[in-house]
Amino acid sequence: MIYDVIILGTGPAGYTAALYTSRAFLKTLMLAGPQDGGQLTITTEVDNYPGFGKGILGPQLMEEMKAQVVRFGTEIKLEQASSVARLASSKGFVVETLEKNKYEAKTIIVATGASAKYLGLPSETRLMGKGVSACATCDGFFFKGKEVVVIGGGDTAMEEANFLTKFATKVTIIHRRDEFRASKIMLERSQKNPKITFLTNKIVEEVLGETSVSGVKLKDAKTGEVSEFPTQGFFLAIGHQPNTEFLRGVVELDEKGYIALYKANMTDKADMLVPQTRTSVEGIFAAGDCVDPRYRQAVVAAGMGCMAAMDAEKWLEEQS
Amino acid sequence: MHITVTDSEFQTKVMESDKPVLVDFWAVWCGPCRMQDPILEELDKELGDKGVIAKLNVDENPATAGKYGIMSIPTLMLFHKGQVMKQWIGVQSKEVLKAEFDKLVS
């Protein structure tokens, strides 16, 4: 069995791509990857995705997207792609999964998204799930009546900190600079929250604790002074990295691991009509957070998913 | 076999079970726990009567979750003959879980 399209990832980019390919009667298979539904499944209210007057919960939004593609015949497997290779015999591709299955398709759309970044400290790995977490909405509950820290200075850090005040008695945002990347509205909300305090210019040296987190060792970015700060929860919100490692050597990636897309010459009219979502390999397209270090929004990913589907469809037409 | 287990039943249904029991610590508000569900259902089918999958709601059963120091869900713990054989934090694939069961039952 050869699929027309295999889509890697089931976030907004993947589902939108599947919606378009399956509605175009292309035989479509989605491989969900390690986090079925993507990053929105670990958020709460989504207020910036259009079409939901009262807002919608992230996991619910993803279930709706799934129902929509299933309605048009998309097949979804709860497997994770481990490699993509060109078929020797034809122009198609073969995707191998961690579950040791192989699937063949004429074209591939990569929509594997991004995952939360960790600091890379051994103490952080050791205490993972024992007070170290990169998902406040998943783990906040276990910190009822406790004091926690959030590491980071962007919107995610502010959002996580605000969410954690529902459970924790005190939330301290620790940031390595004194300026914040967070948007004004998000930063102000945190500053106004009486349960949130800020510790700036502090670099995390180590997470402390034997069997569970008991504190954090900090170094002042300006004076170099080392101090310890007691805490029971250590939440990371220091950004994301694209889930593209398995594609290294297959398609071109940039220095941060994002998939490099074809860059059209904007002064050349003909060049601007080239498919915008094509990767360095003909027949492989990409969309969403795995190509986008800048916007990282569900609605942007969905839009790019649509583009990738239309590009793939056109490409398939040209091949036949 | 797929069962639910509470704080008061933990001793009899898990610790005293004659088959290996995989306990899934979960909650309704946990997004990733929903992802684990279909994987556990498939695992359950493959295991047949060789093992038990027990769901424990941490909201309703804080004593057991507290006893095992659960601070992140989904957490999966495999018990056999009253002993903790293995613990996983975060969503796990069927293959990973099945491999541990296979070590205990042949």
Side-chain angles (χ1 to χ4, degrees), chain A residues 10 32-44 46 57-63 66 76-80 82 97-101 115-116 125-144 146 148 163 166-167 209-213 232-235, chain B residues 7 22-47 53 55-78 84 86-102:
Chain A
T10 48
Q35 192 177 2
D36 184 23
Q39 295 175 78
L40 280 184
T41 56
I42 55 168
T43 62
T44 53
V46 177
L57 291 171
Q60 201 185 337
L61 176 61
M62 299 323 293
E63 274 169 30
K66 184 179 198 164
I76 303 172
K77 290 192 189 288
L78 298 174
E79 297 184 29
Q80 181 179 351
S82 54
T97 66
L98 288 182
E99 289 73 15
K100 304 279 172 229
N101 291 317
S115 305
T125 317
R126 187 169 55 81
L127 292 164
M128 188 71 70
K130 298 290 171 196
V132 172
S133 170
C135 177
T137 52
C138 312
D139 304 335
F141 168 82
F142 299 101
F143 296 86
K144 246 182 222 162
K146 296 180 179 171
V148 304
F163 179 81
K166 285 205 232 175
F167 306 102
E210 282 300 316
T211 51
S212 66
V213 172
Q232 291 157 297
F234 182 90
F235 287 85
Chain B
D7 279 345
L22 181 71
V23 181
D24 171 25
F25 294 85
W26 73 286
V28 278
W29 41 262
C30 163
C33 296
R34 292 170 190 234
M35 295 176 246
Q36 189 70 68
D37 274 345
I39 298 170
L40 292 180
E41 270 164 39
E42 282 184 33
L43 176 67
D44 186 40
K45 274 183 215 153
E46 286 191 21
L47 283 173
I53 292 167
K55 295 183 73 71
L56 184 135
N57 184 319
V58 296
D59 274 326
E60 292 160 6
N61 304 286
T64 308
K67 183 183 170 193
Y68 291 103
I70 309 295
M71 291 175 111
S72 176
I73 54 171
T75 285
L76 296 160
M77 288 177 85
L78 184 60
V84 178
K86 188 98 185 174
Q87 176 175 1
W88 298 269
I89 292 161
V91 177
Q92 302 298 320
S93 74
K94 187 181 72 190
E95 282 64 30
V96 166
L97 300 169
K98 180 93 189 333
E100 290 302 319
F101 268 102
D102 288 345

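Residue numbers start from 1 in every chain, and the chains themselves are labelled A, B, ... in the order their sequence lines are given, proteins ahead of strands.
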Count the heavy-atom pairs under 4.5 Å between each of A:D139, A:D36, A:T211 and chain B, then report the option with the highest count.
->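 The candidate making the most pairs under 4.5 Å is A:D139.
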
Margin query: Please identify, among B:I39, B:I89, B:I73, the residue contributing the most non-hydrogen atom pairs under 4.5 Å to chain A.
Written below: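 Of B:I39, B:I89, B:I73, B:I73 has the most heavy-atom pairs under 4.5 Å with chain A.
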
Identify which part of [X] has an atom lying under 4.5 Å from any heavy atom of chain B, answering side chain, backbone, both or neither.
X: A:Q60; answer: neither
X: A:K146; answer: side chain
X: A:M62; answer: neither
X: A:E63; answer: side chain

Rounding to 0.5 Å, atoms CG (A:L78) and CG (B:D37) come to a distance of 11.0 Å

B:S72 and A:G129 have their tightest heavy-atom pair at CB-CA, 3.7 Å

Under 4.5 Å to a heavy atom of chain A? For B:V58 that would be both

* Asked: Parallel, tilted or perpendicular: which describes the rings of B:W29 and A:F141, with under 30° parallel and over 60° perpendicular?
  -> tilted

State, yes or no, whether a side-chain contact exists between A:L98 and B:S93 at a heavy-atom distance under 4.5 Å. no

Side chains of A:S212 and B:M71 in contact at under 4.5 Å (non-hydrogen atoms): yes

